[in-house]
Colleague: 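The structure's right below; bear with me while I get my questions together.
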Amino acid sequence: MTAPDQPERAVCDPIGLIVDLVSAVEHRLEPDRIRAVVTGVAGGRAKSRSLAAHLAAHPGVLSDGRSPAPRAVGDLLIALREAGAQAVSPPCCAECGRQLRTLQRRGQDWYCWNCGLRPELCAACGNTRRVASRDRAGRPRCGKCPDTDGRDPIAVIGAVIAELDPQAGREVIADAVRRSAPRPSCQQKLAWALEADPALLTGEGHLAPRPAILRLIDLLHAAGVARIVRPSCPRCGRVVRIDKPLNGQRVCRTCIAHSRIEECSGCQARREPATRDVHGRPLCSNCLVNDPANLETCISCGRRKVVNIRTPDGPLCFICPSLPTATCSICGEAKPCGTSRTTGRPWCPGCQRRSASCSVCGSVAAVVSGTLDQPLCADCTAPEVWHTCPTCTDPDYPHPGECARCLINRRLDELLGPPSDALHPGLEALRHNIATTEHPTTARRWLNKPSVSPVLSDLAAGRRALTHEALDELPDSPPLAHLRQVLVGVGALPERDEYMVRLERFLTGLLASQPDPEQRKVLHPYTTWHLLRRLRRRNNGRPITPQQFASARQRTHAAVAFLNWLTAHDLTLATCRQADLDRWLTDDLATYRHTAGHFIRWARTNKLTTVHVPAVRWNGPTQPLNDEQRWNVARRLLHDDTLKPEDRLAGLLLLLYAQGASAIHRLTTEDVEIGAQNVRLRLGNAPVQLPEPVAQLVRTVAANRKGHATIGALAPSPWLFPGGQPGRPISTTQLTQRLNNLGIRPNQARNTALFQLATEIPAAILARTLGIHTDVAVAWQRLSAGDWATYAADISQRPVRTDQHPASNT
């Protein structure tokens with residue numbers, strides 16, 4: 001193995017690399033035995049990669065056992081020695097060189113018992129000795145000077161609790177103390193803390209110096225001891241488990257997570273880091289899971305995917321279901337098997353990907369039947385024993401018994417009844433759409449879902465009207481939303497603005513849940529006559545976007561949070577002063593502080609209050625602009641044919657034409673003008689003539705566009721980027737995820753593109769071409785300080801080149 005291959009293998013196959021490195025040193029153990037030991041020590045993927053990387057960089061540690069090294073290396077050396085290894089050295093003390101059976105670590109070095117403990121000055125006798133314990137002030141004590149007062153700690157704690165509840169039983173208190181602090185030394189420290197501050201038991205538990213006090217409080221509270229108060233989190237105020245120290249207080253896990261929030265170096269989202277990359281930069285859980293280094297080969301489909309289920313035979317991705325265990329017809333082993341579409345017999349995923357020389361014709365091809373000794377290709381495989389479906393005589397059906405079309409028709413008869421004129425025309429259209437779908441197996445699986453089949457039965461039997469209002473009475477869920485869109489797609493229901501309906505329903509429920517009539521009196525005009533009317537006027541009949549829905553809901557929550565804060569402080573909008581508002585804006589426990597400014601400015605405009613919060617002005621992008629990285633990714637998208645055409649086109653529209661995900665996902669085929677010589681795309685008022693190879697990508701995507709919807713989808717789809725729901729485009733969330741997989745950060749890339757375009761093109765042309773507001777174009781023009789006074793003269797002298805910046809051809 002060459003040295004350059006080791007870092008890559010440490011990421012892709014860390015266990016195999018460790019086994020090879022150990023096998024090169026230790027010849028007494030079999031490779032399978034070494035692999036079993038390594039697998040037991042290495043643990044998860046991150047730990048195994050760290051272990052492999054260190055052994056690849058420092059293979060000598062296997063022979064000399066010397067630190068500095070991670071803890072996992074020492075554990076591996078000890079486990080190998082216990083397994084019978086002779087050439088592998090056990091860990092050695094970094095100071096005296098003694099061989100170790102257990103590890104005492106200090107930093108990255110390990111020490112023996114004598115060298116590992118640093119002596120300190122005893123607080124009692126003043127001698128420098130090994131620390132055996134610490135006194136009630138936290139000072140070190142040697143083994144000859146323990147801090148003991150001769151009292152029973154359980155009796156001391158019982159006396160403290162008896163002052164709070166004289167009826168508390170001694171056995172109950174003693175049992176709670178022993179369960180919360182089993183060791184006598186811990187019981188003594190518990191007694192010291194409670195004796196010094198009995199208020200810890202009556203609501204001040206967030207100041208507890210030891211977590212055992214919180215366990216004791218929970219046990220006493222559960223036992224019914226009077227005046228024992230479970231403490232609340234000092235940051236969020238919830239009465240939950242608070243055993244995490246933060247700034248001298250104990251807080252809940254959620255507040256700890258909020259205190260650790262950082263900007264992810266992968267997606268730039270502000271979340272608690274799940275890990276850090278090799279450069280020490282934070283990575284959120286989403287980026288960690290989707291990191292190519294963490295993908296594994298699915299045993300069913302053979303592709304590198306995120307692991308969904310780990311089986312004894314290997315990992316399965318989210319797409320592949322768990323396969324039943326059967327005897328493979330080719331290799332003869334009992335493994336998770338599917339059913340061959342050619343022979344109808346079980347075969348395992350390994351044999352599905354197996355290629356060999358056919359025992360009949362001799363050609364090297366995929367093994368379809370036969371055995372490992374006598375494999376057969378597809379041409380030499382005997383035809384199946386069945387030939388036609390017994391119901392419809394479909395010769396293309398690959399399985400014995402009824403074909404998928406017959407099975408789905410039988411299921412439709414069970415749910416909707418046999419075809420008749422009495423069936424609602426919309427349901428009849430749905431029946432025809434499902435029966436003639438391209439993927440009947442997928443449609444039958446959808447019909448068998450418990451959230452779909454009862455609704456269809458009720459609609460067909462007349463127990464539920466086929467209207468949007470009748471479906472609104474059901475609990476909201478993603479399957480119901482998909483069913484509603486299917487009914488819209490086949491014409492059974494009219495199209496409606498679902499996000500607007502959801503917003504109206506949310507506002508109605510929120511207003512009804514407010515107990516204070518004065519708050520309802522203020523919130524109703526703000527939500528109904530300001531937020532909703534503003535959305536309808538701005539969209540002018542177009543459906544609202546998910547971002548607009550989320551913004552309106554967040555502003556409503558912010559208004560409720562501010563009004564609740566005023567009520568908690570005996571204030572109203574009329575009596576609130578600027579000093580009170582400043583206190584709200586600087587209160588760390590207050591929520592939606594910045595978003596509430598919109599509601600406060602509305603209240604001031606309507607003369608409901610005199611306080612004011614200025615709007616935050618946009619002063620340019622907050623993320624760094626990286627034009628070189630932008631062009632590197634653009635070149636890859638232009639020339640890498642291994643990527644999906646729709647992903648390449650979406651990325652180029654973002655990188656070259658500064659189109660955000662919310663604008664890209666709304667593009668339709670009407671926005672594309674494909675001519676014999678050129679292709680024009682309408683992003684704003686003026687269409688843009690696309691250069692090659694972007695134009696060819698648009699032709700390919702427009703000709704082959706197809707969403708993931710199986711039922712109810714219009715063919716062909718009017719959207720340039722169809723989505724998973726019938727008649728809907730791809731969601732901005734899914735599009736952003738696909739762009740992230742290409743290494744594109746949409747906000748950063750769009751800001752970089754706008755900044756560069758604003759330096760080259762006048763604001764008026766930029767706004768008309770890219771479909772942005774003129775004020776936005778002017779702001780970017782001012783930010784970039786672009787000089788376009790001589791633009792007309794420059795453009796007239798500029799030669800037309802296909803490799804030029806695409807926006808220059810507008």
Side-chain angles (χ1 to χ4, degrees), residues 1-118 130 275-280 288 291 293-297 299 307 310-315:
M1 186 190 311
T2 61
D5 295 335
Q6 288 185 351
E8 181 178 355
R9 194 179 176 195
V11 173
C12 300
D13 184 21
I15 300 295
L17 175 59
I18 299 171
V19 172
D20 291 344
L21 292 173
V22 175
S23 300
V25 176
E26 180 57 54
H27 303 288
R28 290 180 175 270
L29 295 181
E30 296 293 331
D32 292 341
R33 178 58 176 164
I34 296 176
R35 179 176 290 274
V37 174
V38 171
T39 303
V41 173
R45 291 168 293 186
K47 184 178 178 181
S48 61
R49 286 200 297 266
S50 173
L51 179 58
H54 184 85
L55 291 179
H58 307 88
V61 70
L62 294 171
S63 302
D64 57 28
R66 291 286 184 176
S67 54
R71 172 64 183 263
V73 175
D75 293 337
L76 177 62
L77 297 180
I78 294 175
L80 289 172
R81 296 287 298 186
E82 292 176 351
Q86 298 295 327
V88 173
S89 171
C92 298
C93 176
E95 189 166 328
C96 66
R98 179 185 300 175
Q99 294 184 350
L100 307 177
R101 295 182 180 178
T102 59
L103 295 181
Q104 295 280 338
R105 299 187 75 236
R106 192 164 66 234
Q108 288 290 307
D109 292 313
W110 41 63
Y111 298 86
C112 63
W113 176 260
N114 292 327
C115 302
L117 296 177
R118 293 178 176 177
R130 184 178 300 172
T275 186
R276 296 186 180 272
D277 59 15
V278 294
H279 304 291
L288 173 63
D291 188 347
N294 291 328
L295 304 182
E296 297 187 36
T297 302
I299 62 172
V307 177
R310 292 189 182 276
T311 67
D313 300 282

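Just so it is clear, the values below take in all heavy atoms, side chains as well, and ignore hydrogens, waters and symmetry mates. Residues: numbered from 1 along the sequence shown. These numbers come from a predicted model, not from an experiment.
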Colleague: Say you draw a straight line from CD of Glu95 to OG of Ser67; how long is it, rounded to the nearest 0.5 Å?
Modeller: 11.0 Å

Colleague: Can you tell me how far the CG atom of Leu17 sits from the CG atom of Leu55, to the nearest 0.5 Å?
Modeller: 8.0 Å

Colleague: Under a 3.5 Å distance rule, please check whether Glu26 uses its side chain to pair with a backbone N or O of Val88 as donor and acceptor.
Modeller: yes

Colleague: What is the distance from atom CZ of Arg81 to atom OG of Ser89, rounded to the nearest 0.5 Å?
Modeller: 6.5 Å

Colleague: Taking Cys92's backbone N and O only, do any of them form a donor-acceptor pair with Trp110's side chain (distance below 3.5 Å, no angle check)?
Modeller: yes

Colleague: Which pair of non-hydrogen atoms, one from Leu21 and one from Ala56, has the smallest distance, and what is that distance?
Modeller: CD1-N, 3.7 Å

Colleague: What pair of heavy atoms forms the shortest contact from Gly65 to Leu77, and how long is it?
Modeller: CA-CD1, 4.0 Å

Colleague: Rounded to the nearest 0.5 Å, how far does OG of Ser23 lie from CG of Leu62?
Modeller: 10.5 Å

Colleague: Given Ile15, which partner from the list Leu51, Asp20, Thr39 fulfils the side-chain contact (heavy atoms from CB on, under 4.5 Å) test?
Modeller: Thr39

Colleague: How close do Ile18 and Ser48 get, heavy atom to heavy atom, and via which atoms?
Modeller: CD1-O, 3.9 Å

Colleague: Considering non-hydrogen atoms only, spot the tightest contact between Val19 and Pro31 and give its length.
Modeller: CG1-O, 4.1 Å

Colleague: Check whether any side-chain heavy atom of Pro68 lies under 4.5 Å from a side-chain heavy atom of Asp109, and answer yes or no.
Modeller: yes

Colleague: Return the CZ to OG distance between Arg66 and Ser63, rounded to the nearest 0.5 Å.
Modeller: 13.0 Å

Colleague: Out of curiosity, Leu76 CG to His54 NE2, how far, rounded to the nearest 0.5 Å?
Modeller: 11.0 Å

